[in-house]
Amino acid sequence: MAVDDRYNFHAAEKKWRQRWAEEGLYHVEADPSRPKFYCLEMYPYPSGKLHMGHVRNYSIGDATARFHRMRGYNVLYPMGWDSFGLPAENAAIANQTHPADWTYANIAAMREQMQRLGLSYDWRREIACSHPGYYKWTQWLFLLLYKRGLVERKKAPVNWCPRCATVLANEQVEDGACWRCGTPVEKRELEQWFFKITAYADRLLADLDLLEGWPERVKVMQRNWIGRSEGMELDFPIAGRDEKLTVFTTRHDTIYGATFMVLAPDHPLTLELARGTAQEDAVRAFVERVTRLTVRDRAEAVDAKEGVFTGAYAINPATGERIPIWTANYVLMDYGTGAIQAVPAHDERDFAFARQYGLPVRVVIQGEGVPADGDRLKEAYTGPGRMIHSGPYDGMDSREAYRRMAEDFERQGIGRRTVNYRLRDWLISRQRYWGAPIPIVYCDRCGIVPVPEEQLPVLLPDDVRFEVGASPLTTSERFVRTTCPSCGGPARRETDTMDTFVDSSWYYYRYTSPRDEHQPFDREKVFYWLPVDQYIGGIEHAVLHLLYSRFITKVLYDEGLVPSPEPFQRLLTQGMVIKDGAKMSKSKGNVVSPEDILEEYGADATRLFILFAAPPERDLEWSEHGIEGASRFVHRVWRLVAGCAGPIREAAGQVAVAREGALAARQGAAAEPPAAESPGAGSLEPSKEGWGPEEHALWREVHRAIARTTTDIAERMQYNTAVAALMELVNAIYGYRDRVEPAAQRPDLLAAALDRLLRMLAPFTPYLAEEAWDLLGWRATRGSVHQQPWPEWDPAVLEAGTVEIVVQVNGKVRDRLQVDQGIGEEQLRRLALESPKVQDWIQGKTVARVVTVPGRLVNIVVK
RNA sequence: GCCGGGGUGUCGGAACCGGCAGACGAGGCGGACUUAAAAUCCGCUGGGCGCAAGCCCGUGUGGGUUCGAGGCCCACCCCCGGCACCA
């Protein structure tokens, strides 16, 4: 067996990885004279090891970056680390080390794995959000928002994770549990720092329409999350008091049917209203019971609605009636005003509650089949209809009444039109150590004082104690005690750090000038590189990171610091890597380690399999057989190139010698530039002299593969079909070698075919492509395969020769014809009708119609 | 309940704008090479009927539009994901 027969991926990976680094092959600088392409993957948390999801993410990204580079774009393709966060702190507690030690060791290990994968990052631009050089600017960002009035310290019901011993943003609660550790969260009334993302709710919603390159489902999820709803705030005077109870409703047209009101148990007036009434004890007991529940238990308890009468009454401003005020578990404090008008006839929840507690039901909108008598109503009616029991609006269509009543109520001062959002302000303070300290100082004399920009960064101290449950920064006297930047007197530092999602909401700007010590990013560079052209990451950030980043970008845009109101032009949410139908996880024991796979099959086969096995957006089932297939293909390409290398090099030598001879004869024996084309100068063109059908057919296959691969990647990011096209090309070249006598094979044609093949393989299997390119002698003469232009296809080659035309009779295939591509429609129709097979089918029948589709088919309709 | 995505061979998946259903890969079967095995190279591989040429059926179900439907329209079933007493 020849030495060359198997591609030695271990040796090739080692060699090229080093050479590429030495040559700075992937270094990039802003260059306004060239079109840019910013390709970005969501930077990872440095957990210590890559998992298959990472490998998939970066294989897609690297192929995208490499493809665009070859297409002539100046490509920014950087990598960094989301290196703040709780796991490092937990590891510190467990191992009695510093979070930084654990974090930076993990980064080193993961960087090594990424480099092994052959990812073409410009490593000079690497960032980690836990470096003071980075978090200084995260603190700057906080101050910018502060300056713009977008930071607020307020007391509010917030989510508390008892396990992580910190508060969480709304977006970080999944199904009532902490997104990181799965512990059910509790509601607590705490004073915390918020970013006013709700001030941008409308723009975050409206600008979703600008994002044509985003998957529909991500936009829908954001729309749902923002949850805009138009309605009215209505004021209900409280009987016997000088106060009003304000509710939010989208159905002010049903106000005449409001027969009671409901307050959230944690509404500030709930206990207040009950005080001194016979209901006081019952209300107190109820409120205490409900508010003690975890968020999840409370949500579940709501399936059975429960409530108590507060003992107080309000006046329905439309009817003037006294209606009872209740409190119930189905009304939430953190939506609207925490109070509702209950209209049991026209709201399912109110209906269920009213029936359960025997409260009156009054129909005010009559749809088809809806009884006028509320007692006979079987279920709430939420549709439109004719107004009844509604004073001056009786008889009106409810949609008309909806408009009139809004105007009338505003004029009468009963209420006003308003818009409500589900979106809450972004709670950014965390009672944790391993994050960017919030740059705030508390002074007894001056109150809350932001740390001036010149004093940044507020550094994390080293003398803290890591204990389960405690907020570590409070244990560092040196950190807490400070002087007031405003009056110079003694003051205390804020001991909370920022949510790590603040770090990741702006990191893509930092890559453009990662070492800048004077500003978060260089304006000129940001205006050149941004927005990100292609962003790639998991769907789990559909709301979290992607919403926060859009918000922060809009703030920076308003400040004039960045060129666009949206950060990410196109978004690809890649599917999960699963095994045996389930997400890989330790508990299921179905984890496949990238390390082992890289060792056994190499980077090229791993990348190829992952790109080939499924379209990027869909989940990918890991398959042992599948990666073996990819590995087979890698070796198959290698054998093909190795088998052709001899004749190709020999023929090239003759050509070079001949060219040199001709030049020497013309110019004398002067020093010659190498016979090679300059790097990146283009393609090898075969001489078509004396070509037979085999040669023409192969050449057509080459161009067909280029056309398919190019559109699959550029227009659809369908890497699986692009790879399939390359496999077909390889099969075609093997077929040529198999069918044509070795002596008759055309080395220049084979060289031209391999030239295209290797360049197209370069984004997928970078090591193999470079090794094979080098074996053919082209690296010496033309430079790295990764610096070549992407191949072009010639439509003339594709259109030359014959095509197979399908002939149908009444839509069923009855014959196939080989015809010239340029054949006229009239002639094609004649050939089809003359076909003996077709004749058998149309004999004795009348041809009603003949449909011809050029290049594809003829359909003869007979009766 | 609402919203989004999907249902195609034994499996992963192709079929781009309504034009040959099943590309490519995996698995299976067969052949060549080999003392043999592996590796490699070549071929076959949706179902049914037929000696064969070939014919019929076939993209979750039922209907429709069309010369022609996996892709469009209507009704429904199932799977995955998101949101959910949001007033």
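Computed from a predicted model, the values in this text were never measured in an experiment. Letters go in sequence order (proteins before strands), and every chain restarts at 1.
Backbone-only engagement by A:Glu728 is indicated by non-hydrogen atom pairs under 4.0 Å involving sugar-phosphate atoms exclusively. Counting non-hydrogen atoms under 4.0 angstrom, A:Gly626 reaches nothing in the nucleic acid. Across all strands, A:Trp841 comes closer than 4.0 Å only to sugar-phosphate atoms, never to a base (heavy-atom distances). Across all strands, A:Val861 comes closer than 4.0 Å only to sugar-phosphate atoms, never to a base (heavy-atom distances). Among the heavy atoms of the strands lying under 4.0 Å from A:Thr250 are primed sugar atoms or P, OP1, OP2 only; no base atom is included. Residue contacts for A:Asp350: at a heavy-atom cut-off of 4.0 Å it reaches no nucleic acid atom on any strand shown. In this structure, A:Pro615 reaches the sugar-phosphate backbone alone: every heavy-atom distance under 4.0 Å involves primed, P, OP1 or OP2 atoms, never a base. Nucleic acid contact for A:Val220: sugar-phosphate only, since backbone atoms but no base atoms lie under 4.0 Å from a heavy atom of the residue. Among the heavy atoms of the strands lying under 4.0 Å from A:Ser229 are primed sugar atoms or P, OP1, OP2 only; no base atom is included. Backbone-only contact: A:Lys812 has heavy atoms under 4.0 Å from sugar-phosphate atoms and none from a base. Contact annotation for A:Arg223: no contact, since no heavy-atom pair falls under 4.0 Å across all strands. Among the protein residues, A:Gln808 comes within range of the nucleic acid bases, having at least one heavy atom under 4.0 Å from a base atom. Using a 4.0 Å heavy-atom distance criterion, A:Asn720 is classed as a sugar-phosphate-only contact.
Taking atom P on both B:A21 and B:C16, the two are 13 Å apart, rounded to the nearest angstrom. Using P as the reference atom, B:C33 and B:C24 are 27 Å apart when rounded to the nearest Å. Spacing between B:C72 and B:U59 at atom C1', rounded to whole Å, works out to 16 Å. Rounded to the nearest Å, the gap between the C1' atom of B:A36 and that of B:G43 is 23 Å. Here the separation of B:U8 from B:C78, taken at their C1' atoms, is 15 Å to the nearest Å. Rounded to whole Å, the C1' atom of B:C11 lies 16 Å from the corresponding atom of B:A23. Here the separation of B:G60 from B:G6, taken at their P atoms, is 13 Å to the nearest Å. For the P atom pair drawn from B:C29 and B:U34, the interatomic distance equals 23 Å after rounding to whole Å.
Spacing between atom OH of A:Tyr402 and atom C1' of B:A87 amounts to 12 Å, rounded to whole angstrom units. Atom CG in A:Asp712 sits about 14 Å away from atom C1' in B:G13, given to the nearest Å. One interatomic measurement links the two molecules: CZ of A:Arg349 to C1' of B:C86, which rounds to 7 Å at whole-angstrom precision. A:Arg56 has its CZ atom 14 Å from the P atom of B:G12, to the nearest Å. Taking atom CZ of residue A:Arg814 and atom C1' of nucleotide B:A53, one finds them 14 Å apart after rounding to whole Å.
Mapping A:Val331 and A:Val173 onto RNA chain B by nearest heavy atom places A:Val173 at the nucleotide closer to the 5' end. Projected onto RNA chain B by closest heavy-atom contact, A:Asn224 and A:Asn329 fall at different nucleotides, the more 5' of which corresponds to A:Asn224.
Checking each of A:Ile706, A:Leu757, A:Leu761 against A:Leu729 for a side chain to side chain contact (heavy atoms under 4.5 Å, CB included) leaves exactly one that passes, namely A:Leu757.
Ion pairing of A:Asp619 with A:Arg56 is absent here, as no side-chain N (NZ or NE/NH1/NH2) approaches a carboxylate O to less than 4.0 Å.
Taking all atoms of both residues into account, the shortest heavy-atom contact from A:Gln574 to A:Gly53 is NE2-O, 3.4 Å.
More than 12 non-hydrogen atoms from other residues, nucleotides or ligands lie less than 6.0 angstrom from CD of A:Gln818. More than 12 heavy atoms of other residues, nucleotides or ligands lie within 6.0 Å of CZ in A:Arg417, so this atom counts as buried by the packing criterion. Atom CD of A:Glu379 has 12 or fewer heavy atoms from other residues, nucleotides or ligands within 6.0 Å.
Ring planes of A:His635 and A:Phe9: tilted class, angle from 30 to 60°.
At a cut-off of 3.5 angstrom, counting only N and O atoms as typed in the model, there is no donor on one side facing an acceptor on the other between the side-chain of A:Arg856 and the base of B:C20.
Taking the syn range as angles within 90° of 0, the glycosidic angle of B:G6 is outside it, so the base is anti.
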